[in-house]
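Input: a single structure, listed below in C-alpha cells.
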Amino acid sequence: MAKRVGMEVGIAAAEAVGMCNIDMAAVYPITPQSHIAEHLSEIVADGRIDAEFVTVESEHTSISCVSGASATGARVYTATSSQGLLYMHEILPIVSAMRLPVVMGNANRAISGPINIWNDHSDIMPQRDAGWIVLFADNGQEVVDLTIQSFKIAEHKEVMLPICLNMDGFQLTHTVELIEFPDQKKVDKFLPPRKPLATLHPDNPVSMGTLGMPEIYAEARKSQDVALINSKQYILQIWDEWEKMFGRRYKPVETYRADDAEILMLTMGSMGETAELAVDQLREKGMSVGLVKLRLWRPFPFEELKAAVKNAKLLIVTDRAVSFGGSGGPVYIEVKAGLYHEKERPLIYNYIIGLGGRDVPVPCFVEMFEAAAQSAEKGIVKDYEYYGVRG
Amino acid sequence: MNIIENFELYAPRLIDKEEYFCSGHRACQGCGEALAIRLMCKALGPDTVVANGTGCMEVISSFYPTTAWNLPWIHLAFENAAAVGSGVEAGLKALRRKGKIPDRDVKAVAIAGDGGTMDIGMQSLSGAMERGHDLLYVCFDNEAYMNTGIQRSSGTPFGAATTTSPAGRASFGQKTWKKNVPEIMVAHNVPYVATASPSYPLDFMNKVKKARKVKGPSYIHCLSVCPTGWRSASNLTIKMGRLAVETGVFPLYEVEDGKYRITVEVDELRPVEDYLKHQGRFRHLTPDVIEMIQERVYQEYNKLLDKVNGLHAWSDLKFEGELFE
Amino acid sequence: MKKKKWPETWRTINPGCMVFDAGNARTYHTGSWKAERPEWDDSKCIKCGICYIFCPEGCITQDENGFFRADLNYCKGCGICAHECWPGAITMVEEG
C-alpha cells in the first residue's frame, strides 16, 4: 500500500531511487545534493537494495563511471549540483550522443562566483544543449514520482536518452514535506528491468563511442535531435500510465487558474508553489491572473506552451539564471522564440529573480504581477530586468 | 639482439591466433602502440571489455561505421578511461551478482596514452586505483601527444624535441624529466604494477596475463615506439624498444605486492647514445646534454636496483611485536 | 547483419553511432599505403614466427606448410618483419 510520510525531500529522492532496482550508482558529494548521496549510500550499506555504490573522486568521474556501467546494461543513477554539474559538462553531451539512459538528480544551486551554495538555476542552464531530457520538480511528491518515471522514460527503447531531474537546492532538497510513497509492487510493475539495445559484453562485442567523420557527423547529430524531440510522445505515454496506476497527473506545462487569465506568469521549479499563493491573493482582489509552470525544459514543449498562453494579454516569464550579454534570461529567450510565429501572442516581460538563494516570498510575486500589469497597460515594451536588485 | 627472448618465440602456436584488434586499423606504418594493443588483446583473451581514452588508438580503430575491435569496446573522452573502466567493472559486477549476465569472469581493462594517463587522466586513474576496482589499466606511453601533432607531455623524455618543446638556439627541447607513473601506482598500494614493451612480446604478454588474474587494480606502463613522433624509421620500431631496455632508459620490471623484480635482465647497460642516435627528436642534442641524460639513467637505474634488492613483498612484512630496525 | 548503404542517413545511422559488427574494420584495406612489400625466401625461413608476432597490422599468417605470408590488402610496408627476421628470410621489395 502507498504510504504518506513526512520526509526531507533529498532523503525522499534517494528513497525513490531505492525503489527502482538500480544496479549501480556513483555519486560525489556537493551541497545541497549531499543528503541524496548520503542516504543512497545508506540504503546500499543497509542491504536494502543490491547495487554497487561507487564513491568517486569527482563529478567528472561520477558521470563517466555511471556511463561505463550503463553501457554494460546496468540501471544507473547519479546526482550533483552547481559546480559539480559544470564539472560534468564535458561528458554530458557524450552520454546523450551515446544514447545511454543515465538518470541524474540535480539539486539546483547557483554557480560561482562569488561562490554561493544556495538555490537558483544557473547550474542547469549552461547544460541546455547537452541533449539530455531535462525535467523540473515543484515539490517533494514530484521529486519522488519523477525520479521513478525518469528510469522508465530514459530506458524506453525509442528514447534511450539520459535524464536530468532538477529539484531546487535547499528550497526542496532540505525541506520536510508530506510525501506519498507508491507501493513497491506497483513500482516494480510500472518499471520492469532494463532491456538495453546493446551492452558491453563479450558474448556480443559492440563498439560504443566511435569516431564520426565529417561525412556522418551531421547525420548523427540530427538523429539525436530527432530522438530528443520524439521523446516527448513517450514521456506523455508514460505519464498517462503513471496516472492510471498512481492517480497523479503530470504534464509538460502545468497551469494554475490560467484558462481565463489575462495575465500569466511562467515559473520553473519550486517557486511555482509560492507564485500560486500570489495568484490566489490577486484573484481575490479581482485581478485576472494565472500561472504557467514549465515541467519539461528539454525537449521544450512548444505546442503545450502555445496552448497555455494563447488567450493571455501579458506573459511574465521568470528566470532564475542570467544569460550574460543576451536578450534576457534563458527561459524567456526560449519562450519568446517559441511564440514568435504566432499571430496572436501576448506581450512578454522577463524578471530575473531569486538568484543565489535570494528569497522571493508571496508579496514579491504580487508586486511583480502588479508592476507588470501597470507597465503593460501603458503599452510599454521592455526586455528583461532584475527584480528586487538594489540600485 | 636478445636471442633468448627470440627463442621463446619459436612457436607462434603458443600464442592465441585470434586477432582481437584486427587489420584495417589506420595506425601509422610501424606503430608500436598498435602492435602493443594487438599483443595485449591476445594475452587478455575474449572475456574482456576495453575502455579507451581518446587518443591515437581510439581514433585509428573506430572510424564509424567500422571498428577494429573484436572485443566489447567503449570510448567517452580523453581523461576518463579509468573512470569509464571502473564503471564498466562496477556494472558487470552488479549484473553478474544479480544474475542478469552469465556467471563468468569478464575483465575490465582501461587503456590510454601518456597524455590521457600521466597528465589529464591522472586524477581519474588515481581514483580508480585507490577505490580498488578489479580493473587493469594499461598506459601506452609514446612519450608525447602524438595524435594532436607531437606536443610534449609529462611522459616526454628530457631533451626530446616536440612541437611544444622545440629545440632552438635557446633551448635543447624538453627540460623536465619523465614523470614516473609506475612509482605513483606502487604508492597507491596497487598489487601488481609493471613496465612493458612490445619489443619483448612474451614478457609483455605474461605481465598482462598476470595482471588479468589480479582480483583488484593493476597497472602496466607500456613504452610504445612512435616512428612518426620520434622521427625514427618505421622498421626500427622493435629495435628502438629493445634499445630503450638495453640502455636502461626504460627498464622492464614488475612490482608484485611491493616486491620489485627486473624481468628482462641487462648484464651491462649500453650507452644511451645508442638509443638516442636513431631518433630525430634527439638529433640536436649536444654531448653535455647527452651526458646529463646518461647520468640520470644510471641514477634511476640504481634507484630501481636498490628497490629490487632492498624491498620485501608486503605479505612478508608481518608485524611481530617489533618494527624493523 | 544486413549491410547498409553508405553514407548512412540520419534515419539509418545506428543509435549512438554504435558499431554492432565487431572487427569490421577489415573491410578497410590499408594495403594501398605501402611503398614496399615484404617477400619471403622460404629456403631461409626457420618458421620461428617472429614476423607474425611483431606485425602491427596482424596481417601475417602461417600457411599449411608452416611458412609465413603477409596479407597485402593490409600490409602498410613498415618493414618491421624484414628488419626483425634474424635468419634474413624477408626482404622489402619496392611496389611496382
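Naming convention: chains lettered A, B, ... in sequence-line order (proteins, then strands); numbering from 1 in each chain. Keep in mind that this is a model prediction, so the values were computed, not measured.
Atom CZ of B:R104 has more than 12 neighbouring heavy atoms from other residues, nucleotides or ligands inside a 6.0 Å radius. For CD of B:E273, the number of neighbouring non-hydrogen atoms (other residues, nucleotides, ligands) closer than 6.0 Å is 12 at most.
Side-chain atoms of B:S23 never come within 3.5 Å of backbone atoms of C:Y74 as a donor-acceptor pair (strictly under, hydrogens ignored). Side-chain atoms of B:K207 come within 3.5 Å of backbone atoms of B:T195 as a donor-acceptor pair (strictly under, hydrogens ignored).
Minimum heavy-atom separation, B:T66 to C:N24: CA-OD1, 3.0 Å. Nearest heavy atoms, B:E143 versus B:D141: N-OD1, 2.9 Å.
A 4.5 Å side-chain heavy-atom check between C:K5 and C:T12 finds every atom pair outside the cut-off. For the pair B:M57/B:F140, no side-chain contact is recorded, criterion being any heavy-atom separation below 4.5 Å from C-beta on. For the pair C:C59/C:C75, a side-chain contact is recorded, criterion being any heavy-atom separation below 4.5 Å from C-beta on. Side-chain contact between C:N14 and C:F20: present, with at least one pair of heavy atoms (C-beta onward) separated by less than 4.5 Å.
Most heavy-atom pairs under 4.5 Å with chain B, from the set C:I13, C:T27, C:V19, C:T61: that is C:V19. No other option in B:K239, B:E19, B:Q29 has as many heavy-atom pairs under 4.5 Å with chain C as B:Q29. Chosen from C:C55, C:A22, C:G79, C:P56, the residue pairing most often with chain B at heavy-atom distances under 4.5 Å is C:P56.
Residues of residues 69-78 of chain B placed with any heavy atom under 4.5 Å of a heavy atom in chain C are listed by number as B:W69, B:N70. Contacts between residues 31-53 of chain B and chain C, counted as heavy-atom pairs separated by less than 4.5 Å, involve B:C31, B:A34, B:L35, B:R38, B:L39, B:K42.
In this structure, chain B has no heavy atom under 4.5 Å from any part of C:C81. Contact annotation for C:M18: only backbone heavy atoms (N, CA, C, O) come within less than 4.5 Å of a heavy atom of chain B. Using a 4.5 Å cut-off between heavy atoms, B:P65 contacts chain C through both its backbone and its side chain. Within the 4.5 angstrom heavy-atom criterion, atoms from both the backbone and the side chain of C:Y28 approach chain B.
At a threshold of 4.0 Å, the pair B:R270-B:E268 does not count as salt-bridged, since none of the basic side-chain nitrogens sits closer than that to a carboxylate oxygen.
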Validation: residues 225-234 of chain B side-chain donor-acceptor distances under 3.5 Å, sequence neighbours left out:
| from | atom 1 | to | atom 2 | distance (Å) |
| --- | --- | --- | --- | --- |
| B:W230 | NE1 | B:N142 | O | 2.9 |
| B:S234 | OG | C:C78 | O | 2.8 |

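Residues that satisfy the side chain to side chain donor-acceptor pair (under 3.5 Å) test with B:K210, not counting sequence neighbours, are B:E254, B:E256.
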